[in-house]
Amino acid sequence: MAKKLKRPSWDEYFMKAAHLVSERSSCLRRNVGAVLVKEKQILATGYNGAPSGIAHCEITGCLREKLNVPSGQRHELCRGLHAEQNVILQAARHGVSVKDSILYITHTPCIICAKMIINAGIKEVIICGDYPDKMALDFLREAKIKLRRVAAPGSRMQAAG
């Protein structure tokens, strides 16, 4: 009898990849990773941090931290791009359409990223962690983008968000 392999589900596989991508983050406050998938193939990855060629926050410090800006507010004060922005930009840079793709993100998106997700034509967003931005979730629901929550790698499955 053949030995049964313990393979991760597709959701587990891609969310593990998003968590691995988040390890490249240069943000001092939160590490976020994103993976765009279509037909079970990775199209692009992105993590949060300063734009290419710009000093990272570990060198300059975090202005939002210095000003005691709460998480989820005053995005314009951040030196970095969000993981969702970077994954969409990486796909665009390489001429890859993201229409009808699925986005795996380690945290729920902010409202700015939610609007980008909607206009990029991404059909589903899969998350495992939270970010304090109810308006973003409301926009995704209004745009009829499927939103699912899966367990973080190494934890038990959580209820849908």
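Everything numeric in this text was worked out from a predicted model, so none of it was measured.
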Parallel, tilted or perpendicular, as decided by the 30° and 60° cut-offs, for the rings of Tyr13 and Trp10: perpendicular
Can you find a pair of side-chain heavy atoms, one from [X] and one from [Y], that are under 4.5 Å apart?
X	Y	result
Ser71	Tyr131	yes
Leu81	Leu89	yes
Tyr47	Val32	no
Leu43	Val37	no
Pro132	Gln73	no
Val35	Leu103	no
Pro109	Ile117	yes
Ser101	Lys123	no

Separation between [atom1] of [X] and [atom2] of [Y], rounded to the nearest 0.5 Å:
X	Y	atom1	atom2	result
Gln90	His94	CD	NE2	5.0 Å
Cys78	Arg29	SG	CZ	8.5 Å
Ile54	Ser26	CD1	OG	11.5 Å
Ile127	Met15	CD1	CE	8.0 Å
Leu137	Met135	CG	CE	11.5 Å
His107	Ile105	NE2	CD1	10.5 Å

Shared hydrophobic cluster, [X] / [Y] (ILVMFWY, side-chain heavy atoms < 4.5 Å):
X	Y	result
Ile88	Val96	yes
Leu20	Ile126	no
Ile112	Val69	no

Shortest non-hydrogen contact from [X] toward [Y]:
X	Y	answer
Ala83	Gly46	CB-O, 3.6 Å
Arg141	Leu147	NH2-CD2, 4.2 Å
Ile111	Ala136	N-CB, 3.5 Å
Ala120	Val98	O-CG2, 3.4 Å
Asn48	Cys27	ND2-CB, 3.3 Å
Glu84	Cys113	OE1-SG, 3.6 Å

Spell out, as yes or no, whether a donor-acceptor pair under 3.5 Å connects the side chain of [X] to the backbone of [Y].
X	Y	result
Asp11	Val150	no
Arg64	Arg74	yes
Gln85	His82	yes
Thr106	Gly33	yes

Could you please spell out the steps behind the side chain to side chain contact (heavy atoms under 4.5 Å, CB included) verdict for Leu28 and Glu58? CA-CA 7 Å; Leu28 301 174; Glu58 67 184 358; 4.1 Å; yes
Identify whether the distance between the nearest side-chain nitrogen and carboxylate oxygen of Glu142 and Lys144 falls below 4.0 Å. no
How about Arg79: does its CZ atom have over 12 heavy atoms from other parts shown lying under 6.0 Å from it? yes
Determine, stepwise, if the pair Ser25 / Asn31 fulfils side chain to side chain donor-acceptor pair (under 3.5 Å). CA-CA 5 Å; Ser25 170; Asn31 295 346; 3.2 Å; yes
Of Arg149, Arg148, Lys38, the one forming a salt bridge (charged side-chain N to carboxylate O under 4.0 Å, His left out) with Glu124 is Arg148
Pair Leu36-Ile42, side chain to side chain contact (heavy atoms under 4.5 Å, CB included): steps then yes or no: CA-CA 6 Å; Leu36 262 173; Ile42 293 175; over 6 Å; no
